[in-house]
Amino acid sequence: MAKKAEAEVVHLKSKIADAEKVQRAEVNELNKKLDRTKQIEVKLINLKSQMAESDIMHKMELLRQSKAFEDEKFEMISSFNEKLRELESANVKVKLTSSNNLEKKLGELLTFFH
């Protein structure tokens, strides 16, 4: 009877050892999957960071282009205003010259008829 019990204990110990091996293998497999999941999470975080950085760079470029456009528009308006002032000044001079010429002609006519 003792031998039978001993054999049963050895058999159960063997089964326990086999179960522990299977359990360790399962734990190792789960640890590998966990590590892979963590690697994927890190890659996703890096990708999101790169996308955000790219988006920021794109927006900064759009702002630079917008600023350049505004500067160019300001320069064009300033140039247009300067040309307009020059034309207005020339127009006043022409009007004054015409007015002076008319006054001279009127003066000559008045002198002629007196």
Side-chain angles (χ1 to χ4, degrees):
M1 188 72 141
K3 282 194 170 200
K4 198 172 190 184
E6 255 182 63
E8 186 66 25
V9 167
V10 169
H11 177 69
L12 289 175
K13 283 184 179 181
S14 174
K15 277 188 150 186
I16 290 171
D18 289 344
E20 286 175 346
K21 285 180 187 177
V22 169
Q23 191 176 23
R24 278 193 299 274
E26 288 174 352
V27 167
N28 286 339
E29 190 62 34
L30 288 173
N31 281 333
K32 287 178 186 177
K33 288 180 179 179
L34 181 61
D35 287 344
R36 182 71 182 134
T37 301
K38 287 179 181 178
Q39 290 172 357
I40 291 170
E41 285 176 346
V42 167
K43 285 182 180 179
L44 282 173
I45 289 169
N46 289 339
L47 184 60
K48 285 180 183 179
S49 175
Q50 289 172 354
M51 288 173 63
E53 185 177 333
S54 175
D55 187 47
I56 289 169
M57 297 300 282
H58 178 70
K59 287 178 181 175
M60 286 176 64
E61 180 59 29
L62 290 176
L63 282 173
R64 276 193 288 276
Q65 289 174 2
S66 175
K67 174 75 171 109
F69 175 75
E70 289 298 320
D71 290 347
E72 187 177 339
K73 186 170 78 173
F74 177 77
E75 286 297 320
M76 290 174 68
I77 290 170
S78 295
S79 176
F80 174 78
N81 287 336
E82 182 63 30
K83 297 287 184 199
L84 188 59
R85 281 191 291 278
E86 289 173 9
L87 288 172
E88 287 172 345
S89 175
N91 191 23
V92 166
K93 288 177 184 174
V94 167
K95 285 181 181 177
L96 285 175
T97 303
S98 296
S99 176
N100 288 341
N101 288 341
L102 284 174
E103 286 178 18
K104 283 182 188 176
K105 298 262 186 208
L106 279 173
E108 290 172 4
L109 282 173
L110 288 174
T111 306
F112 180 74
F113 286 110
H114 278 275

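The first residue in the sequence is number 1, and the count goes up from there.
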Worked verdict on Glu70 versus Lys67 for salt bridge (Lys or Arg N to Asp or Glu O under 4.0 Å):
CA-CA 5 Å; Glu70 289 298 320; Lys67 174 75 171 109; over 6 Å; no
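- Counting only heavy atoms from C-beta outward, the side chains of Glu61 and His58 never approach each other to under 4.5 Å.
- Annotation: the span from Glu82 atom CD to Leu87 atom CG amounts to 10.5 Å, rounded to 0.5 Å.
- Checking each of Leu44, Thr37, Val42 against Ile40 for a side chain to side chain contact (heavy atoms under 4.5 Å, CB included) leaves exactly one that passes, namely Leu44.
- Proximity of a side-chain donor or acceptor of Ser49 to a complementary backbone N or O of Ile45 within less than 3.5 Å is not detected.
- Within a 6.0 Å sphere centred on CD of Glu53, heavy atoms belonging to other residues, nucleotides or ligands number 12 at most.
- Atoms NZ and OG, on Lys59 and Ser54 in that order, are 10.5 Å from each other to the nearest 0.5 Å.
- Atom CD in Glu29 sits 9.5 Å away from atom CG in Asn31 (nearest 0.5 Å).
- With values rounded to the nearest 0.5 angstrom, Gln23 atom CD is found 10.5 Å from Leu30 atom CG.
- A distance of 8.5 Å separates CG of Asn28 from CZ of Arg24, quoted to the nearest 0.5 Å.
- Here the CD atom belonging to Gln39 is positioned 10.0 Å from the CG atom belonging to Leu34, to the nearest 0.5 angstrom.
- By the 4.0 Å N-to-carboxylate-O rule, Arg85 lies too far from Glu88 to be salt-bridged with it.
- The shortest distance between side-chain heavy atoms of His11 and Lys15 falls below 4.5 Å.
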